[in-house]
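Accompanying notes for the structure given below.
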2 protein chains.
Amino acid sequence: MMPLIYSPHHTQHQPLVEQYHGRLLPYPETPRRIESLRQHLERADLVCVSEPTHPISHMDLVQTHDEGFLVWFQQFSSQIPRFSHAATPYYQLADTEDVYLYPAVFPSRLTMSRLRNTTMETSGYYAFDTAAPIGSGTWFAALHSATAAQTAADRLLDESASAAYALCRPPGHHAGRDFVGGYCYLNNAAVAATRLLRRGEVAVIDIDYHHGNGTQDIFWNNPLVFFGSIHADPAFEYPYYAGYVDEIGGEGALNTNLNLPLPSGTGGLRFLEALEVLLSAVLAFEPATLVVSVGFDTSSDDPTATFELRDEDYHRIGVALASVNRPTLFVQEGGYNASVNGVLAEQLLRGFLGV
Amino acid sequence: MMPLIYSPHHTQHQPLVEQYHGRLLPYPETPRRIESLRQHLERADLVCVSEPTHPISHMDLVQTHDEGFLVWFQQFSSQIPRFSHAATPYYQLADTEDVYLYPAVFPSRLTMSRLRNTTMETSGYYAFDTAAPIGSGTWFAALHSATAAQTAADRLLDESASAAYALCRPPGHHAGRDFVGGYCYLNNAAVAATRLLRRGEVAVIDIDYHHGNGTQDIFWNNPLVFFGSIHADPAFEYPYYAGYVDEIGGEGALNTNLNLPLPSGTGGLRFLEALEVLLSAVLAFEPATLVVSVGFDTSSDDPTATFELRDEDYHRIGVALASVNRPTLFVQEGGYNASVNGVLAEQLLRGFLGV
């Protein structure tokens with residue numbers, strides 16, 4: 001059985017809607033996404049679930065994230081209740097119990113722009129997009145999500161397991177060194193990879209439907225971490241501004257970044273071909289450990305995405321990942337059909353474990 | 001009678017909603033705002049309305065705005081209809097006739113980020129916030145709004161009038177050299193001021209409720225244009241990241257920028273005191289002409305704002321502006337109570353004209 005690390009505190013974070021071009025859509029990143037997955041894997045006797053007792057320290061987090069960003073995120077989240085009373089009735093938010101502030105004003109284009117802590121509209125200062133609403137429980141949930149990732153990494157470091165599953169929520173791969181975005185706040189995979197650097201070079205591969213722009217951002221200039229991603233082409237899919245093939249790593253880390261964008265409608269065959277390319281690059285990098293950012297939004301059953309992977313494709317992905325033959329950490333990213341996430345995770349782990 | 005320049009093409013731009021922290025509010029920047037104002041001033045026999053025949057040229061616009069920004073804005077707006085069909089039903093927009101794309105992904109924090117013209121999500125590339133939705137008619141409306149401002153400026157340049165009113169919609173003062181934001185797309189006041197530089201130094205004063213961050217941005221390093229603004233303190237009010245007292249102008253243009261932020265609940269007395277300070281600075285700058293970005297959202301009747309100006313205060317403001325004794329161009333910015341904008345504009349002009 002594989003250790004699965006999970007924190008029940010993720011339920012402190014439950015935005016209800018996503019703003020989308022003047023509409024409100026149901027927020028797809030729901031608690032049930034991972035609760036159903038956990039229950040399914042437990043019933044299948046594939047994992048042994050445990051909960052971390054202590055949250056990850058600030059000292060550990062600043063290895064991955066900008067300190068100003070961390071201080072802002074914690075303070076901002078804790079101050080949400082008092083920000084819910086706007087100056088005029090026109091903009092009042094206090095008529096519901098759960099207030100989430102959506103990044104709305106993004107000052108980085110402005111000539112004169114500094115972070116001022118007096119206003120609720122700092123929501124956009126450290127944000128990449130509008131899809132990372134922050135409520136009073138968001139910091140706490142994200143902190144424990146990152147904690148799960150680091151705790152799972154420690155299982156590999158102390159050699160109590162050769163593989164582990166960090167069932168993180170909120171997900172992390174769109175969160176960069178100093179920005180939230182795309183339902184992500186702290187980059188769980190990057191936190192785990194940073195921890196695993198104690199063992200030597202780390203390869204992070206991202207097989208979520210969306211490009212892991214946050215992870216790429218964090219390790220862009222780091223030659224000790226290889227980052228490779230298979231994802232929907234950003235020319236038509238989020239995150240739009242990153243994930244292109246010509247992004248190969250920053251100065252001092254050239255060729256440690258590999259993007260394999262795929263077209264709409266990609267099926268299992270094409271996906272597995274790309275995975276083969278990606279894993280060859282991983283083997284050439286000779287990492288000590290492997291982190292897999294895993295999303296199930298590549299499935300044909302996902303309501304938000306365009307890929308056409310079938311259940312059995314996840315079994316094949318698991319087999320391919322096992323062939324890398326490294327201590328391996330799975331970190332949960334996306335997957336928005338709560339009723340299939342468990343089945344797909346089971347397929348993945350059965351393939352990986354050969355059971 | 002004062003010439004009032006106006007373009008009926010503003011009705012091509014009519015977003016219906018504003019996204020606000022997970023809610024949808026009615027879009028306050030409506031066509032009726034300026035239609036009611038125009039009709040009221042015509043009935044009061046204070047203005048002579050005319051419409052520009054030819055739109056402002058690209059050559060003129062690039063004096064004020066970044067060329068890449070202009071090209072993007074025109075192309076993006078014209079391509080809206082084909083962007084309305086998203087990859088999955090989950091994100092489809094095509095179920096209504098009028099599609100507006102809201103800035104949503106703001107790449108400036110990302111390590112790797114370039115403008116790619118293949119995706120509808122370039123909506124955030126040249127944007128400061130989410131409150132500048134772009135529809136297929138937005139470029140055309142904004143172009144004609146800027147045209148009205150330049151045409152009105154020309155009335156001062158050819159000395160056919162000593163004062164003119166550019167009844168612009170959409171408004172402009174939150175639009176910077178290379179960004180849209182806050183219901184604004186092209187900076188009409190900046191276009192007019194740039195034109196008026198043919199006569200010598202220009203003073204732009206902004207008496208809208210909100211700080212004119214876009215105008216400040218455009219003239220930040222320009223010693224030939226003085227920019228001064230009276231507005232709600234950005235510590236609690238939009239645009240949050242600019243409008244503070246310590247912003248005094250960029251290198252080579254120090255002390256040509258003056259911000260006078262005021263607290264919530266500011267009434268006429270306090271506002272007029274600030275205006276006196278601002279006009280002293282204008283007189284010390286000795287401009288050849290004066291541009292006034294005028295908003296009526298300082299009124300106690302405005303639904304979106306917190307100031308408490310009364311009708312008669314606008315008369316006093318008009319008297320104070322006349323005392324500067326310079327060729328003067330009024331440029332319409334905000335004011336979100338369509339049923340009082342006309343009365344307040346009448347008060348302003350009666351005070352200014354002494355009639």
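The structure displayed is predicted, hence computed values, not measured ones.
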In terms of heavy-atom pairs under 4.5 Å, which option from A:G181, A:G214, A:A232, A:P303 contacts chain B the most?
A:P303
For chain B, find which of A:P239, A:P26, A:A131 contributes the most heavy-atom pairs closer than 4.5 angstrom.
A:P26
Sort B:P28 into side chain, backbone, both or neither according to what part of it lies under 4.5 angstrom from a heavy atom of chain A.
both
For B:V17, is it the side chain, the backbone, both, or neither that has a heavy atom closer than 4.5 Å to a heavy atom of chain A?
side chain
Run the numbers on B:T122 and A:Y241 for side-chain contact (heavy atoms from CB on, under 4.5 Å), then give the verdict.
CA-CA 9 Å; B:T122 66; A:Y241 295 97; 4.0 Å; yes
Nearest 0.5 Å, what's the NE2-OH distance between A:H21 and B:Y100?
14.5 Å
CZ/B:R23 to CG/A:L24 distance, rounded to the nearest 0.5 angstrom?
9.5 Å
What pairs with B:E18 under salt bridge (charged side-chain N to carboxylate O under 4.0 Å, His left out), at least two apart in sequence or on another chain?
none
Which heavy atom in B:F128 sits nearest to a heavy atom in A:P107, and how many Å separate them?
CE1-CA, 3.6 Å
How about A:R177: does its CZ atom have over 12 heavy atoms from other parts shown lying under 6.0 Å from it?
yes
With side-chain contact (heavy atoms from CB on, under 4.5 Å) as the test, would you mind laying out the steps for B:T130 and A:F106 before giving the verdict?
CA-CA 8 Å; B:T130 58; A:F106 298 75; 4.3 Å; yes
If you count heavy-atom pairs within less than 4.5 Å of chain A, which of B:L25, B:T304, B:D129 leads?
B:T304
Between B:Q19 and A:Q19, is there a donor-acceptor pair closer than 3.5 Å when you use the side chain of the first and the backbone of the second?
no
Apply side-chain contact (heavy atoms from CB on, under 4.5 Å) to the pair A:Y20 and B:Y91, showing each step before the final yes or no.
CA-CA 8 Å; A:Y20 186 73; B:Y91 294 112; 3.6 Å; yes
